[in-house]
Each structure stands twice: as C-alpha cells, then as structure tokens.
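Here is the structure we will look at.
What you see is a predicted model, and the numbers here were worked out from it, not measured in a lab. Atoms within a ligand are numbered from 1 in the order they appear, just like the ligands themselves.
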Amino acid sequence: MNHRYRLATVALHADASSPEEAGSPLAPPIVQSSTFAFPGLPELDRVMSGEVGGYYYSREGNPNAQALAAVVAALEGHPCGVACASGMAALAATVLALAREGDHVVSAREVYGGTRTLLGEELGRLGIGTSFVPGTDADRFEAAVNSHTRLIVCETLSNPTLRLAPIPDLVEVARRRKLHLVLDNTFATPVLLQSASLGVTLTLHSATKYLAGHDDVTAGVVTGTAEQLSRIGRLVARLGASLDPFAAWLALRGLRTLPLRVERQCANAMGLAQWLAGHPRVARVHYPGLPEHPQHHLAARLFGGRFGGMLSLELAGGEAAVDRMIRRLRLVRLAPSLGGVNTTVSHPLRSSHRYLPAEELEALGISGALLRVSVGIESLADLVEDFEQALAE
Ligand code: PLP
C-alpha cells in the first residue's frame, strides 16, 4: 500500500493486490495446494531462483501464509513478515536464525513458559545460553550482556501480572550493544503498540491469540526487516515450521477485525478491572489501566490511552476461593489460552507456570490466589454480573 492508511484500514486492505481483475473475489481464496505446476523448466527456474515472484511448494511459501504475514507486518509498521505454524515456531526460527552455538541471549524472566523452556532448556542443549533477568529494568538486561550476547528477548506485557517491558530503553541498549531485540507483542497487539514506531526491528506474535482472535487456529508470525526475515523465512521452511494455507486463511479472516475486537476488549477490561478492584473479596487487581499499577504512566504513554484486554486478580480466600469462583462462573470458562472473543480465565499456578520452582513463583508474584482473565467482547454488564454471582456468598 503506497498510501498511509490507519490501522483499521490496514487490517482490511494491506494484502490487496491491484489492479483488480474484473470479477475477482473480494475474500481471498484458500489456495489449498501443497505444490504448484509449471508449463516448463525455464518458468520453474525463474520462480525457484527468485527472479520472479511465485510459489512452487507450500512449505517454502503459499499465498495465504504470505497474505497473513504481509498484513501483520503492515500493522507493525515493518516491511516484511513470515507466517509460521505457531508462536513457538516463530520464536524458535527467529532465535536459531540469529544465534549459533556459543552465543548468548538475555531474556526477561517473566516470558511465556514455553519461551522460557525453549530458551533455557532446548536451546541451552544446543549451546545457546540464556540469562533471565527481571523484565522491567533495562539496566538489568544491559548488565547481563556479554561478548557472546546476540539478542534480547522480551514481551510487551508480561504474563500473568501485566508488567511492561521498558521498550524504548531496550531499543537503546540493543542499538548501543549491537544486538537484535526480539519483541513478543502477543499480549499488546499492534492496536496498542506498533513496534516500528518505537524503533523495534523484530517482532513476533502467537497469532493463535488476539491476531486470529477466535480460538480456532494455531499460528505465529515474525515481522521485521527484509534482511532478518530472509534468514528467518529460510529457516522456517527448512524446519518445516510453515503455516498451512487454511490456518493462514482463518487467521487472516480473524485479523480483519483485530482493531474492533481489541478496542472492545480494552474497554471491557477497564470496566471489569475497576469493578473487581472495588469488590471486598478481591485482594488485588493487576491491570495497567488502574492508577495503582506501578507502570500506569508508562502504559498510558506507550499504548495511547488503552491498556489491553488482559488482567489478573488475587482473591482474599486463596486457591480454594479461586476454584469456587471458577466453578460458579456461567459465561466465563477456564481455558489455558487468551485473546479470543470469549472471556476466559486461567490459573497460572496450576497451568502455564506449574513447573516453576517455589522461589521463582514467589519472585514472579504467582500464588494459588491468582487468576488471569482474558477479557472478551461480551457485554460488560453481563461479565460483571457473572463475576458478581460467582463471588457472592
Ligand atoms: N508468546 C506468548 C506471549 C504466549 O502467550 C504464547 C502462548 O501462550 C506463545 C508465545 C506461544 O504461542 P503458540 O501457542 O501459538 O505456539
């Protein structure tokens, strides 16, 4: 797109090919083909050598995956993107593309559990070491950098206590120390934070969450510069971590309404957080939109006055009270994912963080009393009523 459109328009039009042929479909067709045919060798050669654009084998690239990646890249403000089979595939391909045996990574310690085990265990086994540091302090990241460090990994908003990475400061550290900064923007989405506008050059998403948004597809996307993405894209194909055409089609269909959904989720989350904060059985609410959140001002500045659809709460009655409330909720279901149109809750201690040692759980502020809420697009009044009846005597 040559014209600079706004976010909601980009989500709808960034993959449009023009000029249109008469009678072309408005919705993109699903190209459910694992391979592509050619009239003869010169034509095949031109596509395989990259001399002309085109497809020859779906693992190496297919129109639906490419369209999804192009729209996410446009939303993040990056020139290129690559779609992958999952968020974990996106992370694995990114780190493996940028680091080799003997290299070192500095990561926020609050990152998603799968990210933590991939970096700390699997990549550690391959000789890529990771130091985990408290994720809200850029100085702690810089202090952990050594002569082997190649990249910094962080998440815009941490799970489950919703702390912000100091992104502008980390961009500076990465620039000064000549490192790649990899930002997982899954929780915030480009609706809250467009990475390129802050100087972030490499961003990834679990598109399984907000981008696709309907809890019906597993996908990931990496966006960044052409140079970085050509290496990452090659590795995605070589690892066989490419996205299936139908999954890509579903994710793109969901992505069309991302700005609408997230705006509604932000409004619902703010309303629910405020209501929960005033409830006598709720000991604490973690939501960047509440003035008592320790990084409320940073969130207001970085996210343009919206604060996201994720919150967490601690019940005064501990784990037993949490289980009681979960069982009594009628609309809101217990499910270990997030970012979909339905409001769901998850219990970090019993699911995502269950394998962490006690001292780390304490450092991360995770106890049995903590419940994470992924706020959906229902009517706020119905959500409040559901929590109200579930918390009642
Ligand atoms: N990043 C974050 C912040 C996540 O929450 C998740 C999954 O929950 C992932 C990455 C991994 O994504 P996927 O499950 O699509 O592999």
query = Which protein heavy atom lies closest to atom 4 (C) of ligand 1, and at what distance to 0.1 Å?
reply = Tyr112 CG, 3.6 Å
request  = May I ask you to check if ligand 1 and Thr208 share an N or O to N or O distance below 3.5 Å?
outcome  = yes
query = Going by the atom numbers of ligand 1, which of them fall below 4.0 Å from some non-hydrogen atom of Asp184?
reply = 1 (N), 2 (C), 3 (C), 10 (C)
query = Knowing that exactly one of Leu157, Thr156, Leu164 qualifies, which makes a side chain to side chain contact (heavy atoms under 4.5 Å, CB included) with Phe187?
reply = Leu157
ask   = Is the Lys NZ or Arg CZ of Arg261 less than 6.0 Å from the centre of Tyr210's six-membered ring, within 45° of the axis?
value = no
ask   = Can an N or O of Met88 be found at a distance shorter than 3.5 Å from an N or O of ligand 1?
value = yes
ask   = In terms of side-chain heavy atoms, does Asp184 have a donor or acceptor partner in Thr186 at a distance below 3.5 Å?
value = yes
ask   = Tell me, do Val182 and Val95 make a side-chain contact under 4.5 Å, heavy atoms counted?
value = no
message = Counting only heavy atoms from other residues, nucleotides and ligands, does the tally under 6.0 Å from CD of Glu122 exceed 12?
response = yes
Any N/O pair Phe187/ligand 1 closer than 3.5 Å = no
inquiry  = Tell me whether Lys209 reaches ligand 1 (any heavy atom closer than 4.0 angstrom to a ligand atom).
reply    = yes
task = Looking only at distances, please establish whether an N/O atom of ligand 1 is found under 3.5 Å from an N/O atom of Thr218.
result = no
remark   = Heavy atoms of Leu252 and Pro28 approach each other most closely as CD2-CG, 4.4 Å
